[in-house]
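When a ligand or atom number is given, it counts from 1 through the structure's own listing order.
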Amino acid sequence: MKVLVVGGGGREHAIIWKLSQSPKIKKLYCAPGNPGIARLAECVSIAVSDIEKLADFAKRENIDITFVGPEEPLSKGIVNEFNKQGLTVYGPSKEAAQIEGSKAFAKELMRKYHIPTAKYAAFTDYEEALSYVRAEGAPIVIKADGLAAGKGVVVAREVEEAEEALKSMLKKDTFGSAGARVVVEEFLEGEELTLLSFVSGTTVKPMVPAQDHKPVFNDDKGPNTGGMGTYAPLPHIDSSIVERILQEIVEPTARAMVNEGHPFEGILYTGLMLTKAGPKVIEYNARFGDPETQVVLPLLETDLLDILIASLNGELEKLEVKWTDKSAICVIMSSAGYPGPYKKGDIIKGLEQVEYPAIVFHAGTTEKDNQIRTNGGRVLGITAIGDNLKEARDLAYQSIDKISFAGAHFRTDIGSKAFH
Ligand code: AMP
Ligand code: GLY
């Protein structure tokens, strides 16, 4: 089979890494890919948002299955367009992808189907939002409605901070059209967990639970990023919680999407807070998480391609999805300054010294003059696999010590919540 993966970050590197182990795949392509991916797949220089060119490429190369990594092309309707042209593509339709693309859509779905989540209200008017926030008090959470690369969320500890966020989203237009509407949410207290699932209509096959670390600095200090590190599974959290999340949240969500006429076909990312009153949804994404994928896929025993084929044939229910009992951790190495402005083009050294069971997933890199250089905020994800989390963590940090670039930053406490 010939498979095309759309995307070019650490998540797509992990997807390609897993797919490259499938004996059924004759040729792997990635658009646009990155220098790490280029060792496993042929990279084609087409942007993830250029749906027309991607479809032309898939047709010309007789691609059997296209897998879509990022949210942007999904929200833009890549699946609808490929289907219209008779091309096989794995991922949710534009309508189903609204579960990520519009927080208001997701919130309304949860309200209608009694899926536990934080209390919320949506506003387009600054004055109305302001009086709601003043009445509710802090802590309170302000979110831009629409895609803002994980950075459109402000967890305000004080009312003044919430007011600033409202001002910047509704008055200054910081997030472009994504900020034209805000969702104001009740602050949820507890531990966070990501549960990724393969979803096909009402069938849900959960993956191993993972935990992300969003703030840029140790001890969850500093601004939120796309994610600074992950680990899976979560040894300190009772595994019965996954069953409860499935029954109370993910399965009802899948049924709700079918009921609404937008059956979800693809990877459903459920971001949860484990509150005293039980698990509650923080957000849904219509795709694999980044960097959750970099710890979840290395633990998957089943051939990922078999899962995609079964789903596309409407037979996911019958497939047994198997996981190893090992642990994985991923530590992100980022450019100094991220999530604010950062420099690009610095030479990265030591990559070739890292060996399995540690894996270097490239996120923001480029190759110039035969040298791998930094080219993004999140530069690399160093994943390590071990018999337990401690072993995996030790190997991940030993591997990081072998890699260097100017201004490299990483959190030194990834996974530490599991050891408290
Ligand atoms: P999101 O982009 O919606 O995942 O939000 C980014 C981060 O903000 C989450 O990972 C949480 O750490 C935090 N967050 C979002 N919503 C809430 C909430 N209602 N209560 C507490 N923290 C939240
Ligand atoms: N790691 C968070 C996300 O992928 O949205």
With distance as the sole criterion, is a donor-acceptor pair present between the side chains of N80 and E95 under 3.5 Å?
yes
Side chain, backbone, both or neither: the part of N224 lying under 4.0 Å from ligand 1 by heavy atom:
side chain
Less than 4.0 Å is my threshold; does some heavy atom of R11 fall inside it relative to ligand 2?
no
To which of E185, K280, M273, E192 does the heavy atom nearest atom 12 (O) of ligand 1 belong?
E192
Mode of F288 contact toward ligand 2 - side chain, backbone, both, neither (heavy atoms, under 4.0 Å)
neither
Do other residues, nucleotides or ligands put more than 12 heavy atoms under 6.0 Å from the CD atom of E52?
no
At a 4.0 Å cut-off, with the gap strictly under it, does some heavy atom of P291 reach an atom of ligand 2?
yes
For F187, take its heavy atoms, then give the atoms of ligand 1 lying under 4.0 Å from any of them.
20 (N), 21 (C)
G289 heavy atoms, cut-off 4.0 Å: which ligand 2 atoms fall inside?
4 (O)
Take the angle between the ring planes of F217 and H409 and call it parallel below 30°, perpendicular above 60°, tilted in between.
perpendicular
Mind checking what makes side chain to side chain donor-acceptor pair (under 3.5 Å) contact with D346, not counting sequence neighbours?
K343
Assess G227 for proximity to ligand 2: is some non-hydrogen atom of it under 4.0 Å away?
no
Can you tell me if CD on E367 sees more than 12 non-hydrogen neighbours from other groups inside 6.0 Å?
yes
Considering R287, E292, M228 one by one, which has a heavy atom nearer to atom 5 (O) of ligand 2 than any of the others?
R287
Kindly indicate, with the supporting measurements, whether the criterion side-chain contact (heavy atoms from CB on, under 4.5 Å) is fulfilled by Y231 and R393.
CA-CA 9 Å; Y231 64 104; R393 183 177 65 168; over 6 Å; no
Should E189 be listed as contacting ligand 1, given a heavy-atom distance under 4.0 Å as the test?
no
Spell out, as yes or no, whether a donor-acceptor pair under 3.5 Å connects the side chain of R411 to the backbone of M228.
no
Within-cut-off N or O pair, L188 and ligand 1, under 3.5 Å:
yes
